[in-house]
Protein chains: 2
Amino acid sequence: MTVQKGQPSTAPRDGRDDGLALESFLPFRLVRAAEQVSRRFAALYRDRHGLTRPEWRTLANLGQHGRMTATAIGARAAMHKTKVSRAVASLERRKWIERTTDGRDRRIEHIELTPEGRRNYLDLAELARGFEARLTAELGPAGAAALDRGLTAVEAIDQL
Amino acid sequence: MTVQKGQPSTAPRDGRDDGLALESFLPFRLVRAAEQVSRRFAALYRDRHGLTRPEWRTLANLGQHGRMTATAIGARAAMHKTKVSRAVASLERRKWIERTTDGRDRRIEHIELTPEGRRNYLDLAELARGFEARLTAELGPAGAAALDRGLTAVEAIDQL
DNA sequence: CGGCATTTGTTGCATATGCAACCATCCCCG
DNA sequence: CGGGGATGGTTGCATATGCAACAAATGCCG
């Protein structure tokens, strides 16, 4: 059987130049790698404290930077403002954070860890450092260095 | 003010060895890079054909490999079987694919592109190649090569 | 032969998410 | 002053997702 002009068959085209090899397609590989790593790390803080990813990221930012507004958290954590809003509400219910309305501009809320929140942040930070160390070890020195440079290149892109 | 032993302050700890610098934390960077790239590519096929990501991945696999089962699609596309099931149902409603129950094992369904499905696959494959070319150009030769090696290292991990 | 475990795929359910609309507040200027 | 527009944050709604339970079919093995 021969493929006719203008009547493409539905047979596989692996390797043909009009198709696509998904397993080497960069966006696919990037997402799959991110999901693989992220799921494993997320399982750690989920099992330990029942945190979601937006909550973990919010906590991590507050632990690192101290008092912040919700907008600032969203910018640093690359999260949609609704995610931040819900994560902050949840962490407040846990009493891991406190809000204070700004005195001059009452739209703004300053968010801050409570002592309990900080304790849990430090605990999770240690968990994170350990995870990253194991990950880096698995990647090997060359692999880890390459990934770092590759991600730096992606981070430098602001438009496609 | 001094931090007391056993009474940690809630002040920022940027750079201290008991905290975490999120902006250099590998899982975070990986997820953020993946989301940035993936969102832009997803916008292309969403605007062009109204496809979701599971639908795109299913189509890409069928286009590349020809007739497949749902399980095989899930394995290659790294998707949960419910995602595959729903994507297949949706593509079937569009008449881009057809199912055939296997003669010997009637649990198995063979899934295959229709001619219309193949046309759209080829169209999207071209879109994908163009996107990847632009992405690679933005990364630069060194960045793209580093990313490739880094992702290869991640792909080699099977356990943490 | 017959029952139990396995495999393939679907669906109910609860949660997570993004968008858009919204409220409250503030700022800019005419 | 005062109204239009911008900003900070929350919420309703529709969709997307994963998990667990499920049905159907098969195969293993006593």
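What you see is a predicted model; the values in this text were computed from it and never measured. Every chain is numbered from 1, with letters handed out A, B, ... down the list of sequences.
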Parallel, tilted or perpendicular: rings of Phe131(B) and Phe41(B) (30°, 60°): tilted

Contact state string [nucleotides 5-12 of chain C, B base, S sugar-phosphate only, - no protein heavy atom under 4.0 Å]: -BBSBBBB

Main-chain N/O of His110(B) paired to Arg67(B) side chain as donor or acceptor, under 3.5 Å: no

Distance in angstrom units between Glu35(A) CD and dA16(D) P, rounded: 16 Å

Separation of dA16(D) C1' from Lys83(B) NZ (nearest whole Å): 9 Å

With a cut-off of 3.5 Å and sequence neighbours excluded, list every side-chain donor-acceptor pair involving residues 26-33 of chain B.
| from | atom 1 | to | atom 2 | distance (Å) |
| --- | --- | --- | --- | --- |
| Arg29(B) | NE | Glu155(A) | OE2 | 2.9 |
| Arg29(B) | NH1 | Asp148(A) | OD1 | 2.7 |
| Arg29(B) | NH2 | Asp148(A) | O | 3.4 |
| Arg29(B) | NH2 | Thr152(A) | OG1 | 3.0 |
| Arg29(B) | NH2 | Glu155(A) | OE1 | 3.3 |
| Arg32(B) | NH2 | Glu155(A) | OE2 | 3.1 |

Cation-pi check, Arg94(A) onto Trp96(A) ring (under 6.0 Å, within 45° of axis): yes

Distance in angstrom units between Leu91(A) CG and dT10(D) P, rounded: 12 Å

Nucleic acid contacts - residues 50-61 of chain B versus DNA chain D, non-hydrogen atoms under 4.0 Å: Thr52(B), Pro54(B)

Neighbour count >12 (heavy atoms, 6.0 Å) for atom CD, Glu92(A): yes

Euclidean distance, atom CG of residue Asp102(B) to atom C1' of dG27(D) [Å, nearest integer]: 15 Å

Modelled atom types, side-chain donor and acceptor of Thr101(B) and Glu109(B), under 3.5 Å: no

Side chain His49(B), main chain Leu51(B), donor-acceptor under 3.5 Å: no

Greater than 12 external heavy atoms within 6.0 Å of Glu116(B)'s CD: yes

Protein-nucleotide distance (Arg106(A), atom CZ; dC27(C), atom P), rounded to Å: 12 Å

